[in-house]
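Below: one structure, written as structure tokens.
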Number of protein chains: 2
Amino acid sequence: MTSGRIMQGVDSRMLPFRKSLKPMVVYLGCPVRSSLDVLGKKWTMLILYTMGFMNVNRFNQMRTYIPEVTPSVLAKRLKQLERAGYVKRISRNSRRRPIWALTEKGKDTVPIIARLIAHSSKWRADELFEDRVPKEIWQIFPKQTIGGDFEIRVT
Amino acid sequence: MTSGRIMQGVDSRMLPFRKSLKPMVVYLGCPVRSSLDVLGKKWTMLILYTMGFMNVNRFNQMRTYIPEVTPSVLAKRLKQLERAGYVKRISRNSRRRPIWALTEKGKDTVPIIARLIAHSSKWRADELFEDRVPKEIWQIFPKQTIGGDFEIRVT
DNA sequence: CTGCATCCGATCGGATACTG
DNA sequence: CAGTATCCGATCGGATGCAG
């Protein structure tokens, strides 16, 4: 899947930046592709968003936050996310309903999603804010950090 | 599309973080969804990646970087990206081949993609690096900034 | 040779119904 | 509540054609 030969990833020679990053690492495959094969699927980012930002951890709770996703698709996505190591299914005993929790890898998608939110807040303010005024990332995450169980810089 | 009632976006009451961000903005719709309806489509992120990181600006040049995308799909994606304001098609005169360039909005996807790359570099090091050692974002973008035509902080 | 448009089959997502 | 199973429609990829 990751066509290593052609997509050499970020190589300083190929960067469009005048100040290219000299000690830039060399990739065997494409780093964008390798994340996107799982995160790029429909609804996955939204699912991780409900878990990471909205503290949602149960199946039908996710469905109320993302009404358009059908049970079958949600179940499939959660399985894929579990296999890929982003979430884990926790069922204390078979009587209690299972809960879904982010793994460390899953928590590390928060900065990506934060950047997505920042992008929307800047470029789609007319539909997202009542005052229709674009917001910068430091206005959305004022402390430059969002933390709790985990601490992540989002600047 | 943006179900504003249920998906209230980031509201401090609903955040899972102990230190929730007090003056957090209130969203009318879902900020993740609003970006994803265009950026979430297959190949779009890769296309923006080739343009923003690899300095690719012509049609078939993109095809060599993303061999799996067919001409028809690539053309469709570029049109969608153009309509959404991420790229612009520049044809100086009808003799020269047109080039595709990122708009300001398109350049502002670089931090998102940089975060994706950081994520891959941390969690899929075994397939991305010869030494198989996970790398942190400051090792990938050492100067904390990537700039050129545009300057963006990615910490 | 580049930049598409068109058609067609395969895959994936959506709707609905159903079960423990 | 937490999913499965099935069926169907939308989307995507592949092949081909074609104009500048």
Side-chain angles (χ1 to χ4, degrees), chain A residues 1-3 6-7 30 32-33 36-48 50-51 54-84 86-102, chain B residues 1-3 6-7 32-33 36-48 50-51 54-84 86-101:
Chain A
M1 306 307 166
T2 59
S3 63
I6 297 181
M7 280 295 262
C30 175
V32 177
R33 205 177 289 237
L36 247 48
D37 63 351
V38 46
L39 296 180
K41 289 195 161 298
K42 203 165 183 179
W43 305 122
T44 33
M45 283 291 202
L46 251 340
I47 293 167
L48 293 171
T50 64
M51 298 178 72
M54 317 290 273
N55 215 17
V56 167
N57 57 10
R58 292 220 317 278
F59 189 89
N60 278 356
Q61 203 180 357
M62 294 176 195
R63 293 192 60 203
T64 65
Y65 277 85
I66 317 169
E68 308 96 311
V69 75
T70 56
S72 55
V73 172
L74 179 56
K76 190 185 296 182
R77 287 289 170 276
L78 285 172
K79 281 217 171 90
Q80 292 169 336
L81 284 170
E82 190 180 24
R83 261 185 298 138
Y86 285 92
V87 304
K88 52 178 178 289
R89 181 198 159 109
I90 303 170
S91 56
R92 308 201 173 278
N93 58 61
S94 53
R95 195 120 308 268
R96 278 255 165 279
R97 322 225 166 281
I99 64 169
W100 294 88
L102 292 176
Chain B
M1 316 311 163
T2 59
S3 64
I6 297 181
M7 282 294 262
V32 178
R33 207 176 289 239
L36 247 48
D37 64 351
V38 47
L39 296 180
K41 287 197 163 298
K42 205 166 183 177
W43 305 121
T44 34
M45 282 293 200
L46 253 339
I47 293 167
L48 293 170
T50 64
M51 298 179 73
M54 317 291 273
N55 216 18
V56 167
N57 58 11
R58 291 219 318 278
F59 190 87
N60 277 354
Q61 203 180 0
M62 295 176 196
R63 292 191 63 203
T64 65
Y65 277 85
I66 318 170
E68 308 95 312
V69 75
T70 55
S72 54
V73 172
L74 179 56
K76 189 186 295 182
R77 287 289 170 277
L78 284 172
K79 281 218 171 88
Q80 292 168 337
L81 284 169
E82 189 179 26
R83 262 185 297 140
Y86 286 92
V87 304
K88 51 178 179 289
R89 181 196 160 110
I90 303 169
S91 56
R92 310 204 172 276
N93 59 62
S94 52
R95 195 121 313 265
R96 277 254 167 277
R97 321 214 171 288
I99 63 170
W100 294 89

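Order of the sequence lines fixes the chain letters, A, B, ..., with proteins taken first and strands second; residue numbering starts at 1 for each chain.
Ion pairing between A/Lys42 and A/Glu68 fails under the 4.0 Å rule for side-chain N and carboxylate O.
In this entry the distance linking CZ of A/Arg63 with C1' of C/dG13 reads 15 Å, nearest Å. Atoms CD1 (B/Ile47) and P (D/dG13) sit 10 Å apart, rounded to a whole Å. The NZ-P distance, from B/Lys42 to C/dC12, rounds to 7 Å in whole Å. A/Ile90 places its CD1 atom 14 Å from the P atom of D/dA2, with the value rounded to the nearest Å. Between the CD1 atom of B/Ile66 and the P atom of D/dG13 there is a distance of 11 Å, rounded to whole Å. As a whole-Å value, the separation of B/Ile99 CD1 from C/dG3 C1' is 15 Å. When the P atom of C/dT2 is taken as reference, atom CE of B/Met62 falls 13 Å away, rounded to whole Å.
Qualifying side-chain hydrogen bond (donor to acceptor under 3.5 Å, both in side chains) partners for A/Gln80, counting only residues two or more places apart in sequence or in other chains: A/Arg77. Residues that satisfy the side chain to side chain contact (heavy atoms under 4.5 Å, CB included) test with A/Lys88, not counting sequence neighbours, are A/Ile90, A/Ala101, A/Thr103. For B/Glu82, the side chain to side chain contact (heavy atoms under 4.5 Å, CB included) partners at least two apart in sequence or on another chain are B/Val87, B/Arg89, B/Trp100.
Closest of all the heavy-atom pairs between A/Val69 and A/Arg63 is O-NE, 4.1 Å. A pairwise comparison of heavy atoms in B/Thr44 and B/Leu39 identifies OG1-O, 3.0 Å as the closest pair. Looking at every heavy atom in both residues, A/Phe59 comes nearest to A/Leu78 through CD1-CD1, 3.8 Å. Shown here for B/Pro98 and B/Arg58, the closest heavy-atom pair between the two residues is O-CD, 4.0 Å.
As judged by a 4.0 angstrom heavy-atom cut-off over every strand, B/Arg89 is placed among residues touching the sugar-phosphate backbone only.
Formation of a donor-acceptor pair under 3.5 Å by the B/Thr50 side chain with backbone atoms of B/Met62 is not found in this model.
The side chain of A/Thr70 lies closest to C/dA15 when the candidates are D/dG3, C/dA15, D/dC12. When distances are taken from the side chain of A/Phe59 to each of D/dA2, C/dG3, C/dG14, the shortest belongs to D/dA2.
Contact annotation: A/Trp100 side-chain N/O to D/dG3 OP1/OP2 distance is under 4.0 Å.
Contact annotation: the side chain of A/Tyr86 never approaches that of A/Met51 to less than 4.5 Å [non-hydrogen atoms, C-beta and beyond].
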Practice prompt. Tell me, with the steps shown, if A/Ile99 and A/Ser91 meet side chain to side chain contact (heavy atoms under 4.5 Å, CB included).
Written response: CA-CA 6 Å; A/Ile99 64 169; A/Ser91 56; over 6 Å; no
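Taking every heavy atom of residues 74-84 of chain B and every atom of DNA chain D, pairs under 4.0 Å involve B/Arg77, by number.
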Measure all distances between protein nitrogen or oxygen atoms and nitrogen or oxygen atoms of nucleotides 18-20 of chain D, and list the pairs falling under 3.5 Å.
none

Mind listing the N/O atom pairs, protein and nucleotides 6-8 of chain C, below 3.5 Å?
from	atom 1	to	atom 2	distance (Å)
C/dT6	O4	B/Ser72	OG	3.4

